[in-house]
Structures are given as C-alpha cells and as structure tokens.
Asker: 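Structure incoming, see below.
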Amino acid sequence: MIQTIRGFRDILPKDTALWQHIEKTASELFENFGFQEIRIPIMEKTELFARSIGEATDIVEKEMYTFPDRKGDKLTLRPEATASVVRSYIQHKMHTSDPVQKLYTIGPMFRRERPQKGRYRQFYQINAEVFGIAAPYIDAQLILILNELFRRLGLSDLKAHVNSLGCPACRPDFQKALLEFLSDKKDELCENCIRRMDKNPLRTLDCKVPKCREALKDAPSTLGHLCSECEEHFGTVQRALKQQNVEFVVDKTLVRGLDYYSRTTFEILTTALGAQSAVAGGGRYDALIKELDGPEMPGIGFAIGLDRLAEIVEQLEKKYTAMPPDLFIIPLGDRATEYGYLWSSALSIAGVKTEMDFSGRSLKSLMKRADKLNAGHVLIAGDKEIDENALVLRDMATREQHDISMDNPVEQIVAILRK
C-alpha cells in the first residue's frame with residue numbers, strides 16, 4: 001500500500017471545516033483592513049530564496065527542496081511566501097499603479113526538517129504583506145491584526161514579543177560589538193555559529209543549539225545600538241500597541257530566522273501545545289524589494305503557522321464540523337430515483353444542500369442514514385407518493401410533514417425550507 005511521504009499528510013474532511021473556519025475568519029479580517037488576496041506559485045527559481053532569505057540561513061543551507069529541471073535550472077519548492085509575493089510585486093509592476101499594496105495569501109510551504117508535533121515538511125501558512133508604508137503605525141497594526149484574529153478564534157494564552165533589529169545605518173556598530181563578544185565565546189559555539197560569524201554574526205543569535213543559547217545569553221542587544229530614527233520608530237510602535245491595549249513584551253533576543261528583516265520584528269507565542277512556541281511571526285524588510293531588483297520601497301509582513309493554529313483551536317470546546325445537509329432525498333423505486341436525481345441537482349443549484357441515496361435500500365435503513373447525516377429534512381418519494389401526487393417532506397427535528405405535489409416540487413421545497 002502506497003502511503004504519504006514522511007512529513008507530509010492529508011487534511012481529511014473531518015478537519016477541513018475547522019481549517020475553512022480559520023481561513024474565512026482571517027480573510028474577512030484582512031479584507032476589513034484593506035488587504036487583497038494574491039495567489040503565488042509553489043515553485044520558484046532557487047536564486048529568489050537564496051538572495052532574499054540568505055545563503056547562511058538554515059532554510060537555504062539545509063531545509064529547501066531544491067532540484068534541477070530538465071534544462072538544468074535550479075528550482076525550489078517555496079519554503080516561505082514573502083519572497084514570492086515581493087517577486088510578484090516587482091514582476092507585475094504593482095507599484096506603478098499604487099506603491100501601497102496590502103496583500104495576503106494562504107497555502108502550502110515546504111521545508112525538509114525533522115517532523116514533530118505541529119511541524120510538517122509540507123506545512124501551511126497564512127501570510128500578509130504590506131508594501132509602500134514606512135510609518136511605524138503599520139507595524140503596530142499588523143500585530144493588532146494578529147491579536148484580533150486570535151481573539152476571534154477564541155485563543156487567549158498568547159503574547160506578542162517585539163524587538164527592533166535596527167537599520168543599515170546603525171547595525172554595523174551592533175555587529176562589531178557582537179563579533180567582539182562572539183570571538184571570546186568561540187570555544188563554546190557550535191560549528192554552524194563559528195562559520196556564520198564571518199558571513200552574518202546576527203545569525204548566531206537565532207541558533208537553537210542549547211549550548212549556544214547559553215553562551216549567547218549575555219550577548220549585546222540590538223536595542224543598545226539603535227540610531228535615533230530607529231529608536232523613534234520602535235518607540236512609536238510600542239506606544240501604539242499600548243494605546244490599543246495589545247499585550248506585548250520587548251524581547252531583545254528576538255531576531256527571527258531570515259536575513260531580510262530590519263527594524264521591527266515580532267512573534268506571537270503560545271504554550272497551548274506544551275513548550276512555548278511561535279504560532280505567528282514577522283517583521284519589517286525595508287531593503288528586500290530593492291535587493292530583488294525592484295524599486296526602493298519599504299515592506300513589512302507576517303506569517304501564521306496554520307497547522308499549529310488549527311491544533312490549538314481544535315483544543316477549544318467549540319467543535320467545527322461540516323454543515324449537515326438541508327435535505328436528504330429517499331427514493332423508493334427506479335422511477336423515484338430518476339426523479340430524485342433531477343430534484344437533488346436542481347435543489348443544490350438553488351442553494352439547498354441536498355444529499356440522495358442511490359442504493360435502493362429500504363425506507364427504514366435510509367431514515368437511519370438521514371439521522372446519521374443529521375439532515376434537516378427528508379423527502380420521501382416512492383411509486384405510491386408519485387402516483388398520488390403527494391411526496392412527503394418531513395422535518396427531522398419536529399416531525400412535521402408537508403405534502404409536496406409533482407408540480408414544481410423544487411420550488412415548493414425551497415419555499416418551505418427558506419421560511
């Protein structure tokens with residue numbers, strides 16, 4: 001028997017109602033804030049991610065699904081969405097119609113990392129990106145949107161962690177101080193951190209190896225090296241969050257895992273799945289659009305781990321299941337089956353969620369199936385009912401019955417169900 005690839009999984013019908021609820025809640029909220037949906041390909045040229053995410057990141061070095069096509073071009077299954085959305089913004093010259101673009105996308109990403117609870121090699125994200133706004137208020141607003149989304153989904157045990165990574169004007173001083181600190185700790189660092197010291201010392205702060213985290217706990221903070229403009233920007237973000245009663249903590253260790261971040265960076269953390277882990281995160285990437293050969297344009301965005309979020313929402317008392325059918329048609333005989341098929345199709349087109357059984361089983365067994373499906377009504381149609389021009393429409397909750405004539409039965413049923 002062929003089974004799924006390790007780290008990949010099926011999202012079964014019993015779970016999709018919950019996923020659809022989350023996606024619909026997110027889409028409605030985003031669109032209220034002026035976002036529009038964009039759909040991007042799952043595969044891009046490898047160069048896009050190497051240039052945007054960073055050559056020295058774990059994602060590019062170890063986790064990407066990369067392969068040559070028949071012409072030898074290197075292609076990669078997207079490990080994240082921001083680079084692809086930026087590529088689309090540049091390629092389609094969206095900035096020429098309006099530099100300010102608010103875009104969101106929902107879909108699968110791919111990373112070859114160790115599968116574990118809430119983490120898969122094909123995983124799903126909800127992404128939101130804003131281009132063309134440099135003001136710190138949009139930073140605060142994105143964190144507010146995340147906070148509001150989780151509130152609408154019924155989550156409560158979450159907290160925002162925020163930090164500022166500075167800008168090209170002030171980061172060199174920080175990197176110099178960090179490099180001096182790392183040089184003294186070289187014997188306590190893993191091979192990856194030692195190698196990254198020369199390429200990008202900031203990457204060491206994102207290392208997950210316990211001995212490195214212990215060695216780096218007293219490392220210099222970006223907050224101690226911000227220029228006046230970055231200090232003012234970060235101060236405004238915090239002030240706006242306080243004014244909107246968004247709970248947050250300033251976390252000087254938060255650097256995120258991608259090279260393109262600058263200034264504000266943030267994560268939403270939860271303990272709902274055991275150990276504290278991030279369910280959403282993002283930040284500002286003001287230089288990324290220009291680095292990918294676009295115009296000089298600021299950008300900021302976030303990503304939500306949909307797999308992990310679905311697990312958390314599933315733990316709440318409220319259950320999300322597929323909507324039961326409004327009507328279950330019970331045909332008794334060949335003639336009734338032919339009529340019933342036509343009625344079920346017409347009713348479904350008319351907006352009545354309709355199911356029908358084609359098995360030819362008895363009335364008793366089909367009534368049991370209607371109960372199992374939790375159908376709101378059943379339509380009983382046998383030769384006797386057809387000949388007497390009196391089909392039986394029964395309300396499964398109240399047991400109230402209506403006679404339906406063979407003259408436009410679809411219209412009669414729609415009228416009764418929509419009362």
Side-chain angles (χ1 to χ4, degrees), residues 6-7 46 49-66 74 76-80 82-83 109-121 123 161-166 171-225 249-262 265-271 273-283 285 303 305 308:
R6 175 173 163 79
T46 302
F49 302 115
R51 287 176 59 184
S52 61
I53 296 173
E55 297 272 7
T57 59
D58 282 345
I59 296 173
V60 173
E61 289 183 336
K62 303 176 182 178
E63 298 171 2
M64 294 200 313
Y65 281 97
T66 297
K74 292 184 71 176
T76 296
L77 293 175
R78 64 185 186 199
E80 58 101 44
T82 299
M109 312 295 157
F110 304 85
R111 295 184 194 175
R112 197 185 189 285
E113 51 188 343
R114 185 169 64 87
Q116 52 187 291
K117 184 175 178 60
R119 189 183 294 271
Y120 304 91
R121 289 175 174 174
F123 57 99
H161 285 224
V162 299
N163 192 21
S164 176
L165 302 182
R171 192 176 292 179
D173 286 341
F174 165 71
Q175 289 182 324
K176 181 180 178 182
L178 178 60
L179 198 54
E180 290 175 358
F181 176 87
L182 293 173
S183 298
D184 294 336
K185 297 284 185 177
K186 202 167 184 178
D187 293 341
E188 303 173 48
L189 301 178
C190 68
E191 290 182 6
N192 277 341
C193 285
I194 293 172
R195 180 168 48 83
R196 290 172 180 168
M197 282 173 58
D198 295 327
K199 291 184 178 181
N200 186 350
L202 189 65
R203 293 266 39 82
T204 61
L205 299 179
D206 193 49
C207 184
K208 302 299 188 292
V209 176
K211 71 170 186 175
C212 292
R213 297 188 74 84
E214 177 63 25
L216 297 171
K217 66 181 181 179
D218 296 321
S221 166
T222 54
L223 297 178
H225 295 80
V249 295
V250 175
D251 183 353
K252 69 176 186 177
T253 67
L254 179 61
V255 297
R256 300 286 292 154
L258 310 176
D259 277 1
Y260 54 60
Y261 285 118
S262 61
T265 184
F266 53 88
E267 286 186 345
I268 310 296
L269 275 67
T270 177
T271 56
L273 296 179
Q276 190 178 68
S277 59
V279 70
Y285 45 84
R308 188 168 296 165

Asker: Which atoms form the tightest heavy-atom contact between Ala177 and Pro220, and what is the distance?
Answerer: O-CG, 3.8 Å

Asker: Report the C-alpha distance between Arg171 and Thr222 in whole Å, list the side-chain angles of each, state the deciding distance to 0.1 Å, and finish with yes or no for side chain to side chain contact (heavy atoms under 4.5 Å, CB included).
Answerer: CA-CA 8 Å; Arg171 192 176 292 179; Thr222 54; over 6 Å; no

Asker: In chain order, what residues pass the side chain to side chain contact (heavy atoms under 4.5 Å, CB included) check against Ser221, with sequence neighbours excluded?
Answerer: Leu223, Lys252

Asker: Suppose we screen for ring-ring contact (aromatic ring centres under 6.0 Å, His included). Which residues come up paired with Phe123, at least two apart in sequence or across chains?
Answerer: none

Asker: Give every residue pair that meets the ring pair (Phe, Tyr, Trp, His ring centres under 6.0 Å) criterion with at least one member in residues 174-215, sequence neighbours excluded.
Answerer: Phe174-His225

Asker: With sequence neighbours excluded, what pairs up with Glu113 under the salt bridge (charged side-chain N to carboxylate O under 4.0 Å, His left out) test?
Answerer: Arg119

Asker: Just to verify, what does Val249 make a side chain to side chain contact (heavy atoms under 4.5 Å, CB included) with, not counting sequence neighbours?
Answerer: Lys159, His161

Asker: Under the side chain to side chain contact (heavy atoms under 4.5 Å, CB included) test against Arg121, which residue among Glu63, Arg6, Met109 passes?
Answerer: Arg6

Asker: Using only atom types and a distance under 3.5 Å, with no angle test, would you say the side chain of Thr46 pairs donor to acceptor with the backbone of Lys74?
Answerer: yes

Asker: Can you check whether Val279's main-chain N or O pairs, donor with acceptor, with Arg308's side chain at less than 3.5 Å?
Answerer: no

Asker: Which residue, Val162, Asp251, Leu254, forms the side chain to side chain contact (heavy atoms under 4.5 Å, CB included) with Thr265?
Answerer: Leu254

Asker: Taking all non-hydrogen atoms of both residues into account, name the closest pair between Ala83 and Ser52 and its distance.
Answerer: CB-OG, 3.3 Å

Asker: Taking Glu80 for the side chain and Thr82 for the main chain, is one N or O donor matched with an acceptor at less than 3.5 Å?
Answerer: yes

Asker: Would you compute the distance between atom CE of Met64 and atom CZ of Arg111 and round it to the nearest 0.5 angstrom?
Answerer: 10.5 Å

